[in-house]
2 protein chains.
Amino acid sequence: MADLAKIAGVSAITVSRALRESPLVNAETRERVRAVAQEYGYAFNVSARNLRLRRSMTVAVVVEMKPTLERQMSGPYPLDLLGGITQELTTTGYSVLLTSLQGGALPNVQAADGVILLGQGANEDAMHAVQRWGRPMVVWGAVSRHESQVVVGSDNRRGGSLAADRFIALGRSRPVFLGDPAHGEFAERLEGFASTLRKYGIEPIVPAVEGFTVNAGAEVVHALLQKHPQVDALFAASDLLAIGAIRALIERGRRVPDDVSVIGYDDTPLGATYVPPLSSVHQNFVDAGVLLARKIRELIDGQATASETLPTHLVVRAT
Amino acid sequence: MADLAKIAGVSAITVSRALRESPLVNAETRERVRAVAQEYGYAFNVSARNLRLRRSMTVAVVVEMKPTLERQMSGPYPLDLLGGITQELTTTGYSVLLTSLQGGALPNVQAADGVILLGQGANEDAMHAVQRWGRPMVVWGAVSRHESQVVVGSDNRRGGSLAADRFIALGRSRPVFLGDPAHGEFAERLEGFASTLRKYGIEPIVPAVEGFTVNAGAEVVHALLQKHPQVDALFAASDLLAIGAIRALIERGRRVPDDVSVIGYDDTPLGATYVPPLSSVHQNFVDAGVLLARKIRELIDGQATASETLPTHLVVRAT
DNA sequence: TTGAAAGCGCTAACAG
DNA sequence: CTGTTAGCGCTTTCAA
């Protein structure tokens, strides 16, 4: 910068001001400085600037990852979420620092101006860890679970409710909910589902489910059909579970949707291309990402923000 | 740090050394300093350190994203790639800066010690842009295309070759390749496919294909069957295309695999759960991510590295 | 409208 | 083994 100043015949501080578009600098001077900067391919030293300004212009995104990105964080959703976050953050000058919290946080992560937590599912360790180092934080997930946090989630209760309404409209009377309520978002889906059914005097069957995989879904449904052969509707907390369930239903001689209606969750490409194409509750992950990004920015800027819930709708396909 | 030094009764530089586990400092002193640091929740100022050390301990990962993360970068692969990269980089002290190059690079991105380029497919603008600012760079994709670059890719030629071998073993004689060769990796798959078939005196049919979607696959195959009704094998450059193709085949009264064998690419969950379960060429994206990360580290450390190709294998399922 | 001085927090180099 | 000195590149006072 000093070199550049010499070349342009001004002082370093003027270079700084010119390149930052400060109104304090003469338009003509500014242009001259910028031309020289351009010519010499000069770029700010970010570390120096951040040191001086006491911020990093960085937001850490913490994703839960075991060796690879597993759990409900597999599939395309987190990518959409990440896409939304990245889009919104980079267009406002922030960088996105992608990280797990495996083996303690890196210095860079701790230096982030804010933190977005994704896919913390049932486990809340990461949340507490981040909270401890006192950075602004926003969480993706089930809103009600963490009342003191700013949480963005989609309207899981309404998602469950929509599934229930659909089953009622179809005249179904022996519905099942598939999903582990230990997972906050799943619990909310069940709540919405059950409370709507209850208005019609129906109580859903809720077998114990562990995991999020196709096989988990298939196994549970196999066992379930022994005990409750008269099941005629099935709402799964994820498309993967729903697909497993359909497989088991067919293997047990049930027709879908003639004998049993099935609704999944997340409206994944996998579900949409499945045969039969899966009906599913849709949530817009890109929008969610954008919203998460906005809220963390607000928090960083010292503004107050509240939790927020995104709309959800049912995509009816063949099942 | 100065405060901490005072409290611990040493100088700032000793605090610095103690916290960095420098062997220059007495074990006992180190423990005392660390205890005090722990107690006061002290953490390094990363900007100051980076300024002093003239590096950022950051690697930028550039993903091609239109508003959302599209193209072949949709689906679960890039997440696995990202997972591998993040895992390897964070365990070696580097942070991962996720970014597109939409609207010019942010200062933070330019300050990265190295850059990994993902999903640059047919378009090489990003590559040239990054090249211009002279940072170490590693690219994911088709190796042969960019001879001056360090590229990590999976063995696309062998992938194509495996599909061809399989068709030959099944006695097929009228194979089709589905995929746009403008995309470097697809071109390599076609090369391997065609060259192996040629050994048996067979020339594949290669219809023009645009896009990567299920619908694109379906449309092309519908048109194709008019001109070439005797097609008996189909190798698609992606699982999505393969699924579209199967749909079209069935709609045209062909049985899969009895009348037409189909092989996809990427071995996605979508393909694996499809009915019928799709045979597909598998590549390990997590390993690829790890390798990309290792190579960028080597480059940052000033070591020489070469392009590398990862193994690939055929997963035979029902089609 | 421009500039000089000072310092953000850290660590390499050089004593001791 | 520990400390002193100096300076990384930037921007916020304060002064001209």
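Labels below follow one simple rule: chain letters A, B, ... track the order of the sequence lines, proteins then strands, and each chain is numbered from 1. This one's a predicted model, so the numbers in the text were calculated from it and none came from an experiment.
- The CZ atom of Arg20(B) sits 9 Å away from the C1' atom of dA12(C) (whole-angstrom rounding).
- Which of dT12(D), dT11(C), dT2(C) sits closest to the side chain of Ile13(A) comes down to dT12(D).
- Counting to the nearest Å, the P atom of dG9(D) and the CG atom of Asn45(B) are 17 Å from each other.
- Of the candidates dG3(D), dC10(D), dT2(C), the closest approach to any side-chain atom of Thr14(B) belongs to dG3(D).
- Contact annotation: Ser47(B) does not reach the phosphate of dG9(C) (side-chain N/O to OP1 or OP2, under 4.0 Å).
- Checking dC8(C), dT11(D), dT2(D) against the side-chain heavy atoms of Leu51(A) singles out dC8(C) as nearest.
- Distances shown here put every side-chain N or O of Ser16(B) at or beyond 4.0 Å from the OP1 or OP2 atom of dG9(C).
- One can place CG of Leu19(B) at 9 Å from P of dT11(C), the figure rounded to the nearest angstrom.
- Separating the CG atom of Asn50(B) from the C1' atom of dG9(D) is a distance of 13 Å, rounded to the nearest angstrom.
- Val25(A) is not listed as a side-chain neighbour of Val33(A), based on a closest heavy-atom distance of 4.5 Å or more.
- Atom CE in Met57(A) sits about 17 Å away from atom P in dC10(D), given to the nearest Å.
- When rounded to the nearest whole Å, the span between CG of Leu53(A) and P of dG9(C) equals 13 Å.
- Heavy-atom distances to DNA chain D give each of Gly9(B) and Ala48(A) a nearest nucleotide, and the one nearer the 5′ end belongs to Gly9(B).
- Judged by distance alone, with hydrogens and angles left aside, Arg52(A) brings no side-chain donor or acceptor close enough to the base of dG9(C) to form a pair under 3.5 Å.
- Side-chain contact between Thr99(A) and Ser95(B): absent, with no pair of heavy atoms (C-beta onward) separated by less than 4.5 Å.
- Judged by closest nucleotide on DNA chain C, Tyr42(B) is the one of Arg17(B) and Tyr42(B) placed further toward the 5' end.
- Residues Ser11(B) and Arg54(B) both approach DNA chain D. Their nearest nucleotides, taken by heavy-atom distance, put Ser11(B) toward the 5′ side.
- Put simply, OH on Tyr40(A) is 18 Å from P on dG9(D), counting in whole angstrom units.
- When distances run from any side-chain atom of Asn26(B) to the nucleotides dT2(D), dT11(C), dT2(C), the shortest one goes to dT2(D).
- Between Asn50(B) and Asn108(A), the closest side-chain pair of non-hydrogen atoms falls below 4.5 Å.
- Considering only side-chain N and O atoms, Arg49(B) lies nowhere under 4.0 angstrom from the phosphate OP1 or OP2 of dG9(C).
- Remark: of the listed residues Leu97(A), Val115(A), Val96(A), Ile300(A), Ile300(A) is the sole one forming a side-chain contact (heavy atoms from CB on, under 4.5 Å) with Val59(A).
- Val46(A) places none of its side-chain heavy atoms less than 4.5 Å from the side chain of Met57(A).
- Separating the CD atom of Gln110(B) from the P atom of dG9(D) is a distance of 17 Å, rounded to the nearest angstrom.
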